[in-house]
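FYI, the numbering just counts along the sequence from 1.
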Amino acid sequence: MSNLQVGVGQSSIDDSFQAGEDAAKDALEKHEGKPEVLIVLAAMRYDHNQLLEGIKSVTGDTQMIGGTTAGEISTHGLSTNSVVIMALSSDSLEFTVGISNNMSLDEASCGVELVKNIRSKHNFEDALSLMIFPNGMGGDGVELIDSIHSAVDEKLEIIGGYLGDDIRFENTYQYYNGGVYKDAVAGLLISGSKDFITGIGVRSGFESVGNRFYCTNSDGNVVSKFDDESALDVYKEFLGEDRAEKLPGICLEYPFGLIDEKVSIEGKEYFQLRCGLSVDHEKGTISLAGSIPEGSAITLTMASRGDIIKGAELAAEQAKNSLGKAKPKVILMFSCVGRKLVLGRRTEEEIIAVRKVLGDDVPIIGFYTYGEIGPIDKMNKELSSPKFHNETVVLWALAEK
C-alpha cells in the first residue's frame with residue numbers, strides 16, 4: 001500500500017461557499033484520512049474569502065496553497081468557472097507552505113523572503129521540490145526564480161506556474177492557509193523520504209519561423225530595440241498589418257524565442273519562449289513576462305494546434321523517462337494560457353495526451369498560467385536549473401521508487 005494519499009475534488013457551483021465545501025468533500029472522499037496540505041485552484045468569478053471558508057468548513061486548519069487561474073485542470077478534465085482541490089498526505093514526506101508579499105515592487109526581495117518564510121518552519125536539506133504560485137501580473141519572472149535559487153544553499157528543484165485571472169490581465173489572487181492575498185508568491189516545499197522520486201517534463205511545440213534578430217536595448221522585461229530599431233515596429237512587421245491590429249492579445253499566439261546558443265533539443269536549436277504582455281505604441285516598446293538581456297539572439301515563433309498537443313505529449317514522455325521504472329502517483333500540470341487560446345475547442349486534447357502517457361488513473365491537478373517554471377531537462381546537469389517559460393507546458397510527477 002502506498003504511503004502517499006491523494007484525493008482530487010472539483011465543483012462548478014455558483015455559490016462560493018458551497019463550491020468550496022463541495023470540492024473539499026469531493027477531494028476528501030478520495031483521500032484516506034486527514035490531509036496534510038491542500039492545493040486549491042479557482043476561477044476569478046468567486047468571492048475568494050467565501051470560497052476558502054467553504055473549504056475550511058470541511059478541512060479545518062489543514063495547510064493550504066494555490067490561487068486563481070485562467071482555466072482549471074483536474075482528474076475531471078478541463079474546467080472553467082470552477083474550483084479544483086488536491087488533498088495530499090504521506091507518513092514519510094513533509095509538506096511546508098510559505099508566503100511572501102509585494103512581488104511587483106521587488107521580485108528579487110520577494111523570492112528571498114519566501115525562502116526565509118519556509119526555512120523558519122523547515123530546512124531545505126532534504127527538499128524534493130519547491131512548488132511556487134506567483135502573482136501572474138507581478139513583473140519579471142526570471143528575477144524571481146533566480147532570487148529563490150540564490151537564497152537556497154542546496155541545489156533546489158523549482159516548478160510551478162504564474163497565477164491567472166481568466167485572461168483579464170488585471171490582477172491575480174494567491175491562497176495561503178485559508179487567507180486570500182494579492183501581489184504575493186505562495187510556495188509549497190515537499191521534502192523528506194528518499195523513497196520518492198520526481199519526474200519533470202518541459203516542452204512547448206512552438207517552432208521558429210526561421211528568422212533571427214538581436215535585442216539591442218532592453219531594461220529588464222521591457223524591450224526597446226531589436227537590431228537597433230523600434231522593438232514594436234520590428235514585431236509589427238513580422239506580424240503583418242492585420243495581425244498587428246490585434247496587439248497585445250496576438251502576442252500569446254506569436255511569442256518570441258530567446259535562443260540559447262549552448263543548448264539543442266533533438267538536434268534543433270533551443271529557445272525559451274517569451275510572451276508579450278503589453279505594448280507602448282508611443283515609445284515603441286514591448287513589455288514581456290520575462291526579461292530578454294541585451295545582445296540576446298531572438299526568433300519569432302508560432303505553433304499549430306497539432307504542434308501544441310504534440311508538445312504536451314513530448315513533455316509527458318520526458319517526465320515519464322525521468323522517473324525511470326517508477327509509476328507516477330500524482331501529476332501537477334502547468335500550461336500557458338496562450339496554448340489554451342490557440343487550442344480553442346481542442347484544449348482538452350492536451351490534457352488527454354498527458355494522461356495517456358503518464359496514466360489515466362493517476363490523480364492530476366493544474367491550471368492554465370501566465371508563465372511556467374521548470375528545468376529544461378532535470379536529467380542533464382547543465383540543463384537542470386529552474387527556468388522561466390511562456391507558451392510551455394511543465395509537468396511534475398511524484399512517484400515512489
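Expressed to the nearest 0.5 Å, how far OG of Ser12 lies from CG of Asn81 amounts to 7.5 Å. The distance from atom CD of Glu94 to atom CG of Leu128, rounded to the nearest 0.5 Å, is 11.0 Å. To the nearest 0.5 Å, atom CD1 of residue Ile99 and atom CD1 of residue Ile65 are 6.0 Å apart. Note that CG of Leu398 is 8.5 Å distant from CE of Met131, once rounded to the nearest 0.5 Å. Taking CG of Leu277 as the start and SG of Cys251 as the end, the distance is 8.0 Å to the nearest 0.5 Å. In this structure, NZ in Lys378 is found 10.5 Å from CD1 in Ile159, a value given to the nearest 0.5 Å.
The existence of a salt bridge linking Glu350 and Arg339 is confirmed by a sub-4.0 Å separation between a basic side-chain nitrogen and an acidic carboxylate oxygen. Between Arg355 and Asp361 there is no salt bridge, since none of the side-chain N atoms of the basic residue sits less than 4.0 Å from a carboxylate O of the acidic one. Looking at Glu313 and Lys310, a side-chain N of the basic residue comes within less than 4.0 Å of a carboxylate O on the acidic one, giving a salt bridge. Taking the charged nitrogens against the carboxylate oxygens, Lys356 and Asp360 have no contact shorter than 4.0 Å, which rules out a salt bridge.
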Apply side-chain contact (heavy atoms from CB on, under 4.5 Å) to residues Val83 and Leu51 and explain how you reach the verdict. CA-CA 9 Å; Val83 54; Leu51 180 75; 4.1 Å; yes
Could you walk me through whether Asp22 and Gln18 pass the side chain to side chain donor-acceptor pair (under 3.5 Å) test, one step at a time? CA-CA 6 Å; Asp22 285 7; Gln18 191 68 51; 2.8 Å; yes
Could you go through Val6 and Met86, starting from their C-alpha distance and side-chain angles, then the distance that decides it, and tell me whether this counts as side-chain contact (heavy atoms from CB on, under 4.5 Å)? CA-CA 7 Å; Val6 187; Met86 176 175 278; 4.0 Å; yes
Can you check side-chain contact (heavy atoms from CB on, under 4.5 Å) on Asp14 and Arg45, steps first, answer last? CA-CA 9 Å; Asp14 290 336; Arg45 72 181 181 120; 2.7 Å; yes
In sequence, state the C-alpha distance, the side-chain angles, and the governing distance for Ser129 and Glu157, and then conclude on side chain to side chain donor-acceptor pair (under 3.5 Å). CA-CA 5 Å; Ser129 300; Glu157 180 175 283; 2.5 Å; yes
Walk me through whether Thr62 and Lys34 qualify under side chain to side chain donor-acceptor pair (under 3.5 Å). CA-CA 8 Å; Thr62 302; Lys34 180 178 173 59; 3.1 Å; yes
For the pair Leu144 and Val142, evaluate side-chain contact (heavy atoms from CB on, under 4.5 Å) and give the outcome as yes or no after the intermediate values. CA-CA 6 Å; Leu144 174 69; Val142 176; over 6 Å; no
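Under the 3.5 Å distance criterion, the side-chain polar atoms of Asn390 are matched with a main-chain donor or acceptor of Cys275. Looking only at distances, no side-chain donor or acceptor of Glu36 sits under 3.5 Å from a matching main-chain atom of Leu88. Checked by atom type and distance alone, the side chain of Ser296 never pairs as donor or acceptor with a backbone atom of Ile292 at under 3.5 Å. The main-chain N or O of Arg305 is never found under 3.5 Å from a side-chain atom of Arg346 such that the two would form a donor-acceptor pair. Not a single donor-acceptor pair under 3.5 Å links the side chain of His122 to the backbone N or O of Phe124. The closest donor-acceptor contact from the side chain of Glu113 to the backbone of Ser100 lies at 3.5 Å or more, if one exists at all. Here the side chain of Asp307 pairs a donor or acceptor atom with the backbone of Ser304 at under 3.5 angstrom. Without hydrogens or angle criteria, Glu372 side chain to Ser335 main chain gives no donor-acceptor distance under 3.5 Å. Using a distance-only test at 3.5 Å, with no hydrogens or angles considered, no donor-acceptor pair links the side chain of Asn3 to the main chain of Asp91. Asp166 contributes no side-chain N or O that, together with a main-chain N or O of Arg168, makes up a donor-acceptor pair within less than 3.5 Å.
If you look at Phe133 and Tyr173, their ring centroids are not closer than 6.0 Å. Taking the six-membered ring wherever Trp is involved, the centroid distance between the rings of Phe256 and Tyr235 falls below 6.0 Å.
Donor-acceptor pairing under 3.5 Å is lacking for the side chains of Asp280 and Thr285. Under the 3.5 Å distance criterion, with hydrogens and angles disregarded, a donor-acceptor pair is assigned to the side chains of Ser82 and Glu72. No side-chain donor-acceptor contact under 3.5 Å links Asn49 and Glu53. Using modelled atom types and a 3.5 Å distance limit, the side chains of Thr68 and Asp165 yield no donor-acceptor pair. Side-chain polar atoms of Ser204 and Glu391 form no donor-acceptor pair below 3.5 angstrom. At a cut-off of 3.5 Å, with distance as the only test, a side-chain donor of Lys236 or His281 sits close to an acceptor on the other residue. In this model, no donor atom of one side chain and acceptor atom of the other lie less than 3.5 Å apart for Glu349 and Thr347. Between the side chains of Thr172 and Gln174, a donor-acceptor pair is found at a separation under 3.5 Å. Judged purely by distance below 3.5 Å, without hydrogens or angles, the side chains of Ser291 and Asn221 never pair a donor atom with an acceptor atom.
Shown here for Ile286 and Ala231, the closest heavy-atom pair between the two residues is CD1-O, 3.8 Å. Shown here for Leu93 and Ser90, the closest heavy-atom pair between the two residues is N-OG, 3.2 Å. Asn101 and Ala184 get closest at one heavy-atom pair: OD1-CB, 3.6 Å. Of all heavy-atom pairs between Met103 and Pro134, the closest is SD-CB, 3.8 Å. The heavy-atom pair separating Ile55 from Gly20 by the smallest distance is CG1-O, 3.5 Å.
Other residues, nucleotides and ligands contribute only 12 or fewer heavy atoms inside 6.0 Å of the NZ atom of Lys246. Around CD of Glu229, the count of heavy atoms belonging to other residues, nucleotides or ligands within 6.0 Å does not exceed 12. For Lys327, the NZ atom is densely surrounded, since the number of other residues' heavy atoms within 6.0 Å is greater than 12. Heavy atoms of other residues, nucleotides or ligands lying less than 6.0 angstrom from CD of Glu294 number more than 12. With a 6.0 Å radius and a threshold of 12 heavy atoms from other residues, nucleotides or ligands, Lys155 has its NZ atom above the threshold. Environment of CD in Glu245: crowded, with over 12 heavy atoms of neighbouring residues, nucleotides or ligands closer than 6.0 Å. Within 6.0 Å of NZ on Lys182 lie no more than 12 heavy atoms contributed by other residues, nucleotides or ligands. Atom NZ of Lys320 has 12 or fewer neighbouring heavy atoms from other residues, nucleotides or ligands inside a 6.0 Å radius.
Under the side chain to side chain contact (heavy atoms under 4.5 Å, CB included) rule, Thr69 has a single partner from Thr369, Val337, Leu41, Thr80, which is Leu41.
Here ring-ring contact (aromatic ring centres under 6.0 Å, His included) pairs that include residues 365-393, with residues two or more places apart or in two chains, are Tyr162-Phe388, Phe169-Tyr370, Phe334-Phe367.
Inter-residue side-chain proximity for Met64 and Tyr176 is flagged as unmet; no heavy-atom pair is nearer than 4.5 Å.
Checked against side-chain contact (heavy atoms from CB on, under 4.5 Å), Thr301 has the following partners two or more places apart in sequence or in another chain: Phe206, Pro255, Phe271, Leu273, Thr299.
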